[in-house]
There are 2 protein chains.
Amino acid sequence: MTNIQNRGIHSPDLPEVASRMPEDETLYELADLFRVFGDSTRIKILCSLSASDLCVADIAALLGMNQSAISHQLRVLKQARLVRVTRRGRSSIYGLDDDHVRTIFEQGFRHVRHIAPGSGEEEAHG
Amino acid sequence: MTNIQNRGIHSPDLPEVASRMPEDETLYELADLFRVFGDSTRIKILCSLSASDLCVADIAALLGMNQSAISHQLRVLKQARLVRVTRRGRSSIYGLDDDHVRTIFEQGFRHVRHIAPGSGEEEAHG
DNA sequence: ATGATATATGAATATATGCTCATATATTCA
DNA sequence: TGAATATATGAGCATATATTCATATATCAT
């Protein structure tokens with residue numbers, strides 16, 4: 001029989017899918033958030049801070065990078081509300097802003113390690 | 001010899017932090033993973049696919065973008081193992097690869113909803 | 001005040017990346 | 001077979017971005 005397999009819109013679910021899409025603004029914010037995680041320097045910084053609050057010089061020393069680069073990236077992280085900063089004398093002490101950061105981080109970790117979420121214990125890097 | 005407040009390494013935890021840092025390779029993979037989430041087009045694609053498996057043309061129609069752009073991004077998502085593809089006739093049906101994707105995605109959602117909108121500097125969306 | 005230390009920031013640059021266009025590949029149907 | 005449809009891909013361009021360098025700002029010690 002002349003069964004029409006594919007013409008125009010292919011999935012009958014498409015209107016349903018469209019109706020379930022969040023606001024564009026929300027999706028942009030989401031992409032912005034993940035983009036901040038999507039750089040190895042920032043990942044290393046977040047990973048360090050998940051272990052302990054640290055000043056800029058310590059982070060730079062830990063990562064073997066220059067102070068300016070770290071400071072620039074800390075600004076990005078701060079603007080994204082992923083880290084908070086407290087002035088302490090001459091130093092700025094940075095720390096993770098909240099536990100969402102840790103959670104997102106660890107989910108990504110599980111993914112790259114191919115470990116099922118919510119399964120057994122895992123080395124806490126934070 | 002007066003009291004030395006800060007010289008060289010500032011945090012006594014620094015060696016401990018260093019010892020807890022994962023392998024560089026792992027951190028690069030983690031950044032690579034998040035970078036894939038860090039684009040609004042790919043986020044929209046993932047969001048669509050979290051509702052239903054879809055062919056390329058449907059995704060393009062849904063997002064109002066041209067087929068080539070979507071295809072290029074689907075390749076990125078496939079290489080990152082965030083989506084899987086099944087050939088069905090002339091169409092390629094894409095779907096989320098596993099539930100990690102959904103979980104990471106939803107954690108991000110919680111974060112952006114948790115942050116008070118408009119309370120910080122924001123960049124242009126891309 | 002001066003000098004030393006710690007961090008922040010603007011400009012410049014090199015690289016990365018997303019999109020478009022044109023085209024190639026793959027599949028279905030007449 | 002050839003036409004039509006669906007997707008994939010390479011090249012080129014425009015934009016974004018991560019780093020470095022130089023320098024500004026802020027704090028502490030003398």
Side-chain angles (χ1 to χ4, degrees), chain A residues 1-11 28 31-32 34-45 53-80 83-94, chain B residues 1-11 27-28 31-32 34-45 53-80 83-95 121-126:
Chain A
M1 32 164 106
T2 60
N3 205 0
I4 296 171
Q5 297 207 34
N6 280 331
R7 179 143 65 181
I9 298 302
H10 304 76
S11 168
Y28 285 129
D32 286 344
F34 284 122
R35 180 160 51 237
V36 177
F37 282 90
D39 172 78
S40 59
T41 298
R42 288 191 293 264
I43 281 288
K44 289 176 184 176
I45 292 173
D53 289 1
L54 294 170
C55 69
V56 179
D58 280 357
I59 299 171
L62 193 63
L63 306 194
M65 293 180 63
N66 94 36
Q67 172 268 320
S68 179
I70 301 301
S71 196
H72 276 293
Q73 297 298 4
L74 283 168
R75 187 159 72 100
V76 174
L77 291 166
K78 192 171 57 175
Q79 284 174 345
V83 304
R84 55 172 169 65
V85 58
T86 322
R87 193 85 195 197
R88 189 170 173 176
R90 278 173 282 198
S91 297
S92 293
I93 309 297
Y94 283 83
Chain B
M1 335 290 191
T2 57
N3 224 351
I4 296 168
Q5 296 208 41
N6 276 334
R7 178 140 64 183
I9 300 303
H10 304 76
S11 167
L27 296 173
Y28 285 127
D32 287 343
F34 285 122
R35 184 180 304 117
V36 177
F37 281 91
D39 172 78
S40 60
T41 298
R42 288 191 294 264
I43 281 287
K44 289 176 183 176
I45 292 173
D53 290 2
L54 294 170
C55 70
V56 179
D58 280 356
I59 300 171
L62 193 62
L63 307 194
M65 293 180 63
N66 93 36
Q67 173 268 320
S68 179
I70 300 302
S71 197
H72 276 294
Q73 296 299 4
L74 283 169
R75 187 158 71 101
V76 174
L77 290 166
K78 192 171 59 176
Q79 284 172 345
V83 305
R84 56 173 167 66
V85 58
T86 321
R87 193 85 195 197
R88 188 170 172 177
R90 278 174 283 201
S91 298
S92 293
I93 309 296
Y94 283 82
E121 308 103 290
E122 294 181 14
E123 308 293 323
H125 306 305

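Here is the naming used below: chain letters follow the sequence lines, and residue numbers restart at 1 for every chain.
Taking atom CD1 of residue B:I70 and atom P of nucleotide C:dG18, one finds them 12 Å apart after rounding to whole Å. To the nearest angstrom, P of C:dG18 lies 13 Å from CG of A:D32. Here C:dT17 presents its P atom at 10 Å from CG of A:D39, a figure rounded to the nearest Å. Across the protein-nucleic acid pair, A:N66 atom CG and D:dC21 atom C1' stand 9 Å apart, rounded to whole Å. Rounded to whole Å, the distance from CE on A:M65 to C1' on D:dT20 is 10 Å. Taking atom CG on A:L74 and atom C1' on C:dT9, their separation rounds to 13 Å, with Å as the unit. Note: CD1 (B:I59) to P (C:dC19) measures 14 Å, nearest angstrom. Rounded to whole Å, the distance from CZ on B:F34 to C1' on C:dT17 is 20 Å.
Distance from the side chain of A:R87 is smallest to D:dT27 among C:dC19, D:dA4, D:dT27. With D:dT7, D:dT5, C:dT7 as the choices, the nucleotide that has an atom nearest any side-chain atom of A:S92 turns out to be C:dT7.
Mapping A:G89 and B:C55 onto DNA chain D by nearest heavy atom places B:C55 closer to the 5' end of the strand.
Put simply, the residue from B:V76, B:V83, B:I70, B:L74 that forms a side chain to side chain contact (heavy atoms under 4.5 Å, CB included) with B:R42 is B:V76. Only one option out of B:Q67, B:R75, B:Q73 pairs with B:S71 in a side chain to side chain contact (heavy atoms under 4.5 Å, CB included); it is B:Q67.
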- A correct 5'-to-3' footprint of nucleotides 9-14 of chain D, with B, S and - meaning base, sugar-phosphate only and no protein heavy atom under 4.0 Å, is BB----

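Residue A:S91 places at least one side-chain N or O under 4.0 Å from the OP1 or OP2 atom of C:dT7. Remark: B:Q73 is in phosphate contact with C:dC19, judged by side-chain N or O atoms under 4.0 Å from OP1 or OP2. The side chain of B:Y94 places an N or O atom within less than 4.0 Å of a non-bridging phosphate oxygen (OP1 or OP2) of D:dA8. For B:R90 and C:dT25, the shortest distance from a side-chain N or O to OP1 or OP2 is not below 4.0 Å.
Counting only distance, with no hydrogens or angles, the side chain of B:R87 and the backbone of B:R90 share a donor-acceptor pair below 3.5 Å.
A:V36 has its side chain within reach of A:L77: a pair of non-hydrogen atoms, C-beta onward, lies under 4.5 Å apart. Put simply, the side chain of B:L63 reaches to within 4.5 Å of the side chain of B:I45, judged on heavy atoms.
From B:I59, atom CD1 reaches atom NZ of B:K44 across 13.0 Å, with rounding to the nearest 0.5 Å. Put simply, CZ on B:F34 and CZ on A:R35 are 14.5 Å apart, with the number rounded to the nearest 0.5 Å. Here the straight-line distance linking atom CG of A:D58 with atom OH of A:Y94 works out to 13.0 Å at 0.5 Å rounding.
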- The dot-bracket string of DNA chain C, counting Watson-Crick and G-U wobble pairs with both distances under 3.5 Å, using [ ] for crossing pairs and | for pairs to another strand, is ||||||||||||||||||||||||||||||

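Using a 4.0 Å cut-off between charged side-chain N and carboxylate O, A:D53 and A:R84 make a salt bridge.
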- For side-chain contact (heavy atoms from CB on, under 4.5 Å), just list the numbers for B:L27 and A:S40, CA-CA rounded to whole Å, side-chain angles, deciding distance to a tenth of an Å, and then say yes or no. CA-CA 6 Å; B:L27 296 173; A:S40 59; 5.9 Å; no

